S.K.: 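Supplied in C-alpha cells, the structure appears directly below.
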Amino acid sequence: MSKLPLIIKREYLAKVRNKSFIIMTFLSPLLMVAMITLIVYLIKVNNNQSNVIVVLNESEYFSNSFKSNDLNSYLEFNNISLQAAKDSTDNLGYTGLLYVPAGSDVKEVSNNTVFFSEGAPNTLIVNSLESIFQKKLQQSRLVQLGLSDEEYKTMGNQYEIKTETFAGEKNLKGINELKAGIGSAFGYLIMMFIIIYGSFVMRSVIEEKTSRIIEIIISSVKPFQLMLGKIIGSAFAGITQFSIWIISASILLLIAMLVFGIDPSILSENASLSSEMNPALSEQMPTLDKTAKLYAQEILNVNWFTLIFFFLVYFILGYLIYSSIYAAIGASVDNETDTQQFMFPVILPLMLAVYVGFFSVFSNPHGPIAVGFSLFPLTSPIVMLMRLPGGIGAGGVPVWQLVTSIVLLIITFIGIVWLASKIYRIGILMYGKKPTYKDLYRWLKY
Amino acid sequence: MNDILVTNEVSKYFGKVAALNKVSLTIPENSIYGLLGPNGAGKTTLIRIINQITYPDHGEILFRGEKLKPEHIAQIGYLPEERGLYKSMKVGEQALYLAQLKGLSKAEAKKRLNYWFERLEIGDWWNKKIQELSKGMAQKIQFIVTVLHEPKLLIFDEPFSGFDPINANIIKDEILQLKEKGASIIFSTHRMESVEELCEYIALIHQSEKILDGRLSDIQKAYKNNTFKVGVQTQNGDALLKELSEKFEVQNSVFKPASDQLDFTVKLQSNDSNGFLGYLTDKATVNRFVEKIPSANEIFIGTVKNKDAHE
C-alpha cells in the first residue's frame with residue numbers, strides 16, 4: 001500500500017493547484033461576505049425608512065388605538081375633509097392615509113374604514129393595521145358579552161405547557177427544533193461536501209479516462225488503490241477548501257462588521273419582525289426573553305464532544321460511500337454529459353434525507369419516519385445527525401439505533417466500495433459506448 | 001535458454017464471449033517477440049492479463065519461472081496502444097510520479113529522468129505541461145516513462161502508431177538498444193509488416209486463439225512453398241514461357257521485348273531448385289533467382305484460410 005500516499009498526494013496537488021479551485025476557494029468567502037453585508041445593509045435601509053401613516057379619525061372608538069412602533073408611526077389629522085387629508089398626505093409624501101369614519105358601533109366603523117396609499121400598500125403595514133381592528137372587534141364583542149375591560153386585559157396571558165421526560169428532565173418547548181437545527185447544519189454540511197467533492201472524484205476519474213493515462217496507471221497500481229487514493233485526495237482538498245472558507249469568511253465578516261458598523265443581530269431581529277404579523281406571537285416576545293437563557297443553557301448542555309465525534313464518523317462513512325458511487329459513475333462513462341442518467345439516483349437519497357430531516361425530525365425526532373431514515377444507510381449520515389443533538393440514551397436516540405445505523409453504514413460501505421471498485425475496474429477500460437444499467441450489472445459479473 | 005514469460009492455457013471470458021481461449025505462449029529471455037493478429041483478436045486482453053490489469057479466468061502465467069504476482073509489475077514496462085498523460089500536469093512531475101508508482105525512489109527516478117531527457121534532447125521540457133507539447137513530444141515522454149524503471153520485460157502495444165517516421169526510428173533504435181542491454185520485448189500489432197523485421201519470434205492470434213507460434217525463421221521455412229522469382233535474358237521469351245508453363249506452375253509473367261527481359265514467378269513441385277536452375281540456364285541467361293520467403297502477413301492469411309477450410 002506504499003503507493004497510496006503517492007496517489008493521494010498527486011490527487012490533492014492536482015486539485016489544489018487547479019485554477020478554478022483556487023479562484024473558488026478565495027472568491028467564495030468574499031462573495032458570501034459581500035452578500036451578507038448587502039442583505040444586512042438593505043434590511044437596515046428598509047427599516048430606516050419609517051412608514052408614516054396619517055390617520056383621519058372621525059370615530060371615538062379608535063381614539064387611542066394607533067400607537068407608533070418600530071414599523072409605523074401614526075400622525076393624526078383632525079377636522080379636515082377626506083379629500084383634503086388625501087391631498088396633503090400625498091403632498092407630504094407620507095406612506096398612506098387611514099380613514100376611520102364615524103359610526104354607531106365598532107363593527108360598522110371597522111367595515112367602513114379605508115386605507116389610501118399611492119401604490120399597492122406594503123403587506124406588513126396592512127397586516128399591522130388589520131390586527132389593530134381585529135383586536136378592537138374582539139374586545140367590543142367580548143364587552144358586549146359582559147366582560148369588563150380589566151377582565152379582558154387578563155385574557156391575553158400566554159400559557160405554555162410544561163414538558164418533562166420520564167426520566168425527569170425538563171424539556172423546553174421548541175428545543176427539539178433548535179437541536180434539530182444544530183444537527184441539520186451538520187447534516188447539510190455533509191450533503192454539500194458529498195455533492196461537491198464527490199463530483200470532484202468523478203471528474204478526476206473521467207479525466208484519467210479521456211486522457212487515456214488510466215491504462216498506464218493501473219499497470220502500476222491496483223484500480224482499487226487508485227480509486228481510494230482519489231477519494232481520499234479529493235477529501236483532503238475539500239477539507240482544505242472548507243477550512244479556508246470558514247477561516248477567511250469569519251475574518252472578512254469581522255472586518256465587514258467593523259468597517260460598516262453592522263450589528264449581525266439585525267438579521268435575527270428581522271426574523272422576529274415578521275412575527276408582528278402575528279399578534280399572538282409578538283405577545284410571546286417577553287416570555288421568550290426570559291427563556292432565552294434556558295435555551296442557551298440547553299444548547300451548551302448538548303454534548304458537543306459526542307456530537308462532533310459522530311459527525312466525523314457519519315461524515316467519513318457517508319462520504320466514502322457516495323464518492324465510491326461517484327467514482328464508479330465516472331468510470332462507466334466517457335464524458336461528463338453522459339453522467340446525467342446516473343446522477344439522479346445518487347442525488348435522490350441525499351435530497352430525501354435533507355427534506356425528511358427538515359419535515360420529520362424537527363417535529364418528531366424519534367418518530368417512525370425519523371428512525372427509519374436514520375437507520376437506512378444512504379440517508380443515515382444526514383438524518384441521524386439531525387437527531388443526535390437531542391442526546392443519546394434516555395430521552396434521545398436509543399443506543400441500539402445508533403449502533404444499528406453505524407453497523408449498517410459500515411456494511412453498506414464495504415458492499416458499495418466492493419461493487420463500485422468492480423464497476424470501476426471494468427469501466428475505466430471501456431470506451432466509446434454509453435453504458436446502460438444492464439451493462440453495469442454485467443460488468444459486476446466479469 | 002530461459003523463458004521470461006510463459007502463458008499456460010490462458011482463457012478469459014467477457015460474459016459468454018471468449019476473449020482468449022486457451023492461449024499458451026513461451027517468450028524466451030532477451031528476445032523480440034511479435035504478438036500478431038487482427039484487431040479484436042484478443043492481443044490487448046492478453047497484454048492486460050500480463051500486466052495484471054485484468055485476471056484470467058483459467059490458466060496461469062509464469063514470469064521467469066515464478067507465478068505472476070503483483071511484485072512483478074516493477075519488472076514490466078508497458079506502453080499501451082491508447083496513450084495519454086495527465087494534460088495539466090508538468091512533464092517532470094508527471095514522469096517522477098509514474099516512475100515512483102513503478103517503485104523507483106524519487107532520487108533514483110530523477111537521476112534516470114535527467115539521463116533520458118538529455119539522451120532524447122528534451123531537457124528543457126521539464127516544467128512544461130503536457131497540453132503544451134505536440135503529440136510526438138508527448139509520445140517521447142511516454143516512452144521514457146515506460147522504460148525508466150529498466151524493466152526486464154517491455155510490452156509495446158502498436159508501438160509505432162502515432163509516431164512520425166523520424167521519431168519512430170529513434171524509438172526503434174532505443175528499443176534495440178534496450179534489447180542489447182538484456183531486456184525482452186513483446187510487440188503487439190495488427191500491422192504485421194511494421195515489426196516483422198524486428199521479431200525473432202512470433203505468435204499469431206486469431207479469434208481469441210493462438211493459431212501459430214515459434215521462431216519466425218522456422219515458421220517461414222515451414223511455410224515457404226518452393227516459389228522463386230526469376231528473371232532471364234532471352235530473345236524468344238514467348239516460346240520459353242510457353243514451354244515453362246507446360247512443365248511448371250508459372251505466374252505473373254512479364255516479357256519486355258525491348259530489353260529481352262522475361263520475369264516470372266515459378267512454383268516448383270519439390271525443393272530441387274538447382275535442378276530447375278540448371279534446366280533454365282540451358283535455355284537463357286538467368287539474371288535473377290530469388291526464393292520467395294512468405295511474410296508474416298501471408299503466413300497469417302494462409303493459416304486462417306486453412307483453418308477456416310477445415311472447420
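First the proteins, then the strands, lettered A, B, ... as listed; each starts at 1. If you're wondering where the values come from, they're calculated on a predicted model, not measured in any experiment.
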S.K.: Report the distance from atom CG of B:L96 to atom CZ of A:R10, rounding to the nearest 0.5 Å.
M.R.: 13.5 Å

S.K.: At a heavy-atom distance under 4.5 Å, which candidate from B:Q142, B:Q94, B:E93, B:K87 has the highest pair count against chain A?
M.R.: B:E93

S.K.: What residue, out of B:E81, B:H149, B:M89, has the most heavy-atom pairs lying under 4.5 Å from chain A?
M.R.: B:M89

S.K.: Chain B heavy atoms under 4.5 Å from A:I7: which part of the residue, side chain, backbone, both or neither?
M.R.: both

S.K.: Taking the six-membered ring of B:Y55 (Phe, Tyr or Trp), confirm whether the NZ or CZ of A:R425 is under 6.0 Å from its centre and within 45° of its axis.
M.R.: no

S.K.: Supply the atom-to-atom distance A:I216 CD1 to B:L101 CG, rounded to the nearest 0.5 angstrom.
M.R.: 11.0 Å

S.K.: Under a 4.5 Å cutoff for heavy-atom pairs, which residue among B:P80, B:G103, B:S88 has the most contacts with chain A?
M.R.: B:P80

S.K.: Please report the shortest heavy-atom distance between A:L6 and B:Y97, naming the atom on each side.
M.R.: O-CE1, 3.6 Å

S.K.: Heavy atoms under 4.5 Å from chain B: which residues of residues 197-209 of chain A carry them?
M.R.: A:E207, A:E208

S.K.: Of all the heavy-atom pairs spanning B:L85 and A:I213, show the shortest one and how long it is.
M.R.: CA-CD1, 3.6 Å

S.K.: State, to 0.1 Å, how close A:S219 and B:K102 come at their nearest heavy-atom pair, and which atoms those are.
M.R.: O-NZ, 3.2 Å

S.K.: With a 4.5 Å heavy-atom cut-off, do B:Y78 and A:I218 have their side chains touching?
M.R.: no

